[in-house]
Amino acid sequence: MPESRVAQTDVAVVGGGIAGLTAAAYLSRAGADVTVFEKAYQLGGRAATREADGFLFNRGGHALYTGGAASGAFEELGVSYDQGTPKDTFVLSGGKISAFPADPLGLLRTDLLNAGDKLALFRFFVEVGRANPHALADTSVREWIDLKVRRPQLRRLMTAVARTFAYTTALDVVSAEMFVEKLQRSLKHPVHYVDGGWRVLVDGLRAAAERSGARIVGDAHVEGVESSGGRARGVRLRGGGTVQASAVVVATGPRDAARLVDGGGHHALLRVVDGLVSAPIACLDVALERLPVPGRPVVQDLDGPRFASAQSVYTPRVAPGGGALVITFKQLDPRLLGDPREEERDLEDLLDAAQPGWREVLVRRQYLPRIEAVGALPLAAEGGFAGRPDVAAPGIGGLYLAGDWVGPEGFLVDASVASARRAAGLALEDGAVERGKVAVGSAR
Ligand SMILES: Cc1cc2nc3c(=O)[nH]c(=O)nc-3n(C[C@H](O)[C@H](O)[C@H](O)COP(=O)(O)OP(=O)(O)OC[C@H]3O[C@@H](n4cnc5c(N)ncnc54)[C@H](O)[C@@H]3O)c2cc1C
C-alpha cells in the first residue's frame with residue numbers, strides 16, 4: 001500500500017484494534033501526525049466482525065457495558081451506533097429452564113428464590129450500592145461471595161453472574177474490585193448489543209481518527225520497536241522499511257508487545273507480561289434460518305459456566321430477514337484448560353436446552369475454542385486493576401502500552417479505551433509533537 005512508505009511520523013501506533021484506533025483518534029485530534037500499523041488486512045482485532053451468508057459474526061459474543069471509559073470516549077469522538085438491550089433472561093437449573101429477570105431488582109420477583117433469599121438479595125444489593133470497589137482490590141471474588149452471600153441458592157446465582165461478568169471460572173484469583181464495580185454499574189447503566197456488530201465501533205473510531213488526519217495502514221506487520229539511548233525511536237516493518245517516530249504506542253496483546261521490544265529480550269517488560277493471567281473462553285455462535293423458541297432469547301446456566309443469547313432478537317441487522325444469530329460461550333479456568341471438543345459439545349448441549357431444534361435450521365456455525373476475552377484478569381494477589389502493567393512501558397522512554405491488559409482503569413474494552421487515551425495523553429505531554437503545534441494534553 002502506498003501509505004506504508006511513510007518514513008516518519010510523530011507517533012507510530014502498533015495494532016489497529018479498539019485500543020490502537022482510540023489512541024490514534026485522540027492523538028490526531030490533538031494535532032499529532034499519527035500512523036497506525038495493523039498486521040491483518042481487516043482492522044478491529046478482537047472487535048472485528050465477519051459477514052457470512054448475510055449473518056454478522058463478532059469474534060464471539062460481545063456486549064458493551066455502558067457507563068465506563070469506552071462509552072464515554074465513543075460519545076466524545078462521535079462514534080455512534082444503533083443498539084438493543086438484552087432482556088427476557090431465563091436460567092437453566094437442574095435441567096429445567098425458568099424465567100429470570102435480568103434487571104437486578106426484577107430478580108426479587110422470580111420464583112427461583114424463596115422469600116428468605118429475596119430479602120437477603122435485597123440487602124445484598126443495598127450493600128453493593130454502598131461498597132467501595134477499590135477497598136476490595138485485594139479480595140478475590142470467591143472470598144467476597146462466600147463472605148457476603150450465605151444462602152446456597154443465592155450463592156449459586158451470584159457465582160454464575162460473577163463468571164459471566166469476569167469471563168472466567170477462576171473466581172478464586174480474580175479481584176472482587178472488578179465484580180463489585182460491574183455490579184454497581186449494571187444497576188445504573190444498560191448493556192448494549194451493537195446492531196451491525198462491533199465493526200460499527202471499529203469503523204466509527206477509524207473515521208474519527210482519519211477525520212483528524214491519522215494514517216491507517218492495514219497488512220503492515222511491525223517486527224520490532226526501534227530504540228536507542230533508552231528511548232523508542234520508531235518501528236521496523238516486516239518486509240523491510242523503518243518508520244521513525246517520537247513516540248510509539250504498542251496496542252497489541254501482551255505477548256506480542258513483549259516480542260516487539262529488544263527482539264523479545266527486554267527484561268523489565270518481560271517481567272511485567274510474564275505474571276499476567278488472561279481469560280480464554282470457548283465461543284460457539286450459530287446462524288439459524290429462524291429462532292426455534294423466540295420467547296427464550298437469553299439463557300444463563302446456573303449449573304455450569306455457560307451462557308447463550310439470541311442477539312439478533314435485539315439487534316436485527318446481525319441476521320438476514322427471518323434468520324437468527326445465537327451466541328454461546330463457556331467460561332474456562334486458564335490454569336486447567338480441557339478438551340476444546342468437549343467444550344463445543346457442552347455448548348451444543350446448552351443450545352439443545354435453550355433452543356431445541358436448532359440443528360435442523362442451522363445455516364452455519366463459528367467455533368472459537370480458545371479466544372482471549374480478557375488480555376489480563378485483575379488479580380486479587382496483585383491488588384486488582386492497579387496491578388496491571390503501567391501505560392508508560394518500563395525502562396524505555398517514549399514507549400506506551402494500551403489494551404485490555406494495561407492500566408488501572410476498567411475491564412475489557414473499557415480498559416483498552418482508558419489505557420489508549422492515557423497513552424495518547426502521555427505521548428503528547430512527553431513532547432511527541434513539536435511544541436507550539438499542539439496544545440499539549442488536549443487528549444487527556
Ligand atoms: C469472545 C469475546 C467476547 C468479548 N466480550 C466482550 C464484551 O462483552 N464486552 C467488552 O467490553 N469486551 C468484550 N471482549 C473484549 C474486547 O473484544 C477487547 O477488550 C477489545 O476488542 C480489545 O481491543 P484491543 O485493541 O485492546 O486488542 P485487540 O483487539 O487484540 O487488537 C490488537 C491488534 O494488534 C494487532 N497486532 C498484533 N501484533 C501486531 C504487529 N506485530 N504488528 C501490527 N499489528 C499487530 C492485532 O492484529 C490486533 O488487530 C470480548 C472479547 C472476546 C474475544
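Counting starts at 1 for both ligands and their atoms, in listed order.
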Distance filter under 4.0 Å to Gly61 heavy atoms, resulting ligand 1 atoms: 3 (C), 4 (C), 5 (N)
Quick one: does Gly44 get a heavy atom under 4.0 Å from ligand 1? yes
Run the salt bridge (charged side-chain N to carboxylate O under 4.0 Å, His left out) test on Glu382 and Arg388 for me, step by step, so that the C-alpha distance in whole Å, both residues' side-chain angles and the decisive distance to 0.1 Å come before the verdict. CA-CA 8 Å; Glu382 301 295 329; Arg388 288 186 308 214; over 6 Å; no
Below the 3.5 angstrom mark, is there an N/O of Val222, backbone or side chain, next to an N/O of ligand 1? yes
Classify the ring geometry of Phe124 against Trp144: parallel below 30°, tilted from 30° to 60°, perpendicular beyond 60°. tilted
Between Arg231 and Asp430, is there a side-chain N and carboxylate O pair less than 4.0 Å apart? yes
For Glu76 and Arg421, run salt bridge (charged side-chain N to carboxylate O under 4.0 Å, His left out): C-alpha distance rounded to whole Å, both residues' side-chain angles, the deciding distance at 0.1 Å, then the answer. CA-CA 12 Å; Glu76 197 169 61; Arg421 199 170 181 205; 2.7 Å; yes
Do any nitrogen or oxygen atoms of Tyr65 come within less than 3.5 Å of a nitrogen or oxygen of ligand 1? no
Under 4.0 Å from a heavy atom of Val14: which atoms of ligand 1 are those, numbered in the order shown and with their elements? 40 (C), 42 (N), 43 (C)
Taking only non-hydrogen atoms of Gly15 and a 4.0 Å limit, the atoms of ligand 1 in range are 33 (C), 34 (O), 35 (C), 44 (N)
Contact with ligand 1 for Trp405, non-hydrogen, under 4.0 angstrom: no
Going through the distances and angles, do Phe37 and His221 end up as a ring-ring contact (aromatic ring centres under 6.0 Å, His included)? CA-CA 7 Å; Phe37 300 96; His221 193 128; over 10 Å; no
Run the salt-bridge test on Arg233 and Glu226 with the 4.0 Å N-O cut-off and return the result as yes or no. no
Against ligand 1, does Ile371 come closer than 4.0 Å with any heavy atom? yes
Please work out which of Leu21, Thr252, Thr164, Asn58 has its closest non-hydrogen atom nearest to atom 38 (N) of ligand 1. Thr252
So does Asp172 pair up with Arg335, basic N to acidic O under 4.0 Å? yes
Other residues, nucleotides, ligands: >12 heavy atoms within 6.0 Å of Arg59 CZ: no
Just jot down the ligand 1 atoms closer than 4.0 angstrom to any heavy atom of Ala47, in number order. 21 (O)
So, is Ala63 polar-close to ligand 1, with some N/O to N/O distance under 3.5 Å? yes
Within the 4.0 Å heavy-atom shell around Glu372, which atoms of ligand 1 are there? 53 (C)
Under 3.5 Å between some N or O of ligand 1 and some N or O of Ala19? yes
If only side-chain N and O atoms count, and only distance matters, is there a donor-acceptor pair under 3.5 Å linking Ser28 with Ser212? yes
Is ligand 1 less than 4.0 angstrom away from at least one heavy atom of Ala220? yes
Under 4.0 Å from a heavy atom of Cys283: give me the atoms of ligand 1 that qualify, with their elements. 1 (C)
Report yes or no: does a heavy atom of Ala251 sit under 4.0 Å from some atom of ligand 1? yes
Do any nitrogen or oxygen atoms of Trp198 come within less than 3.5 Å of a nitrogen or oxygen of ligand 1? no
Looking at Asp414 and Arg185, is any side-chain nitrogen of the basic one under 4.0 Å from a carboxylate oxygen of the acidic one? yes
Could you tell me whether Arg259 and Glu223 make a salt bridge, using a distance below 4.0 angstrom between a side-chain N and a carboxylate O? no
When you look at Arg306 and Asp349, which way does the salt bridge (charged side-chain N to carboxylate O under 4.0 Å, His left out) test go after all the steps? CA-CA 10 Å; Arg306 300 176 302 178; Asp349 290 348; 5.1 Å; no
In terms of atom number and element, which parts of ligand 1 are under 4.0 angstrom from non-hydrogen atoms of Arg59? 1 (C), 2 (C), 52 (C), 53 (C)
Which residue holds the protein heavy atom closest to atom 15 (C) of ligand 1, what is that atom called, and what is the gap in Å? Ala373 O, 3.3 Å
To the nearest 0.1 Å, how far is atom 31 (O) of ligand 1 from its closest protein heavy atom, and which atom is that? Gly17 CA, 3.7 Å
Does any N/O atom on Val413 come nearer than 3.5 Å to any N/O atom on ligand 1? yes
Taking side chain as C-beta onward, heavy atoms only, is Tyr193 less than 4.5 Å from His62? no
Selection from Arg46, Arg370, His221, His62 by shortest heavy-atom distance to atom 30 (O) of ligand 1: Arg46
Ionic contact status for Arg255 with Glu372, cut-off 4.0 Å: yes
Taking the six-membered ring for Trp, are Tyr167 and Phe411 parallel (under 30°), tilted (30 to 60°) or perpendicular (over 60°)? tilted
For ligand 1, is there an N or O atom under 3.5 Å from any N or O atom of Ile18? yes
Centroid separation His134 to Phe385 less than 6.0 Å: no
Counting neighbours of CD on Glu51 that are heavy atoms of other residues, nucleotides or ligands and sit closer than 6.0 Å, is the number greater than 12? yes
Ser416 versus ligand 1: do any nitrogen or oxygen atoms come within less than 3.5 Å of each other? yes
Using a 4.0 Å heavy-atom cut-off, which part of Leu412 comes near ligand 1: side chain, backbone, both, or neither? both
Below 4.0 Å from ligand 1: does a non-hydrogen atom of Tyr167 turn up there or not? yes
I'd like the name of whichever of Glu223, His192, Lys39, Glu38 reaches closest to atom 35 (C) of ligand 1 through any heavy atom. Glu38
Proximal ligand 1 atoms for Ile281, defined as those under 4.0 Å from one of its heavy atoms: 1 (C)
N/O separation below 3.5 Å, Asp404 to ligand 1: yes
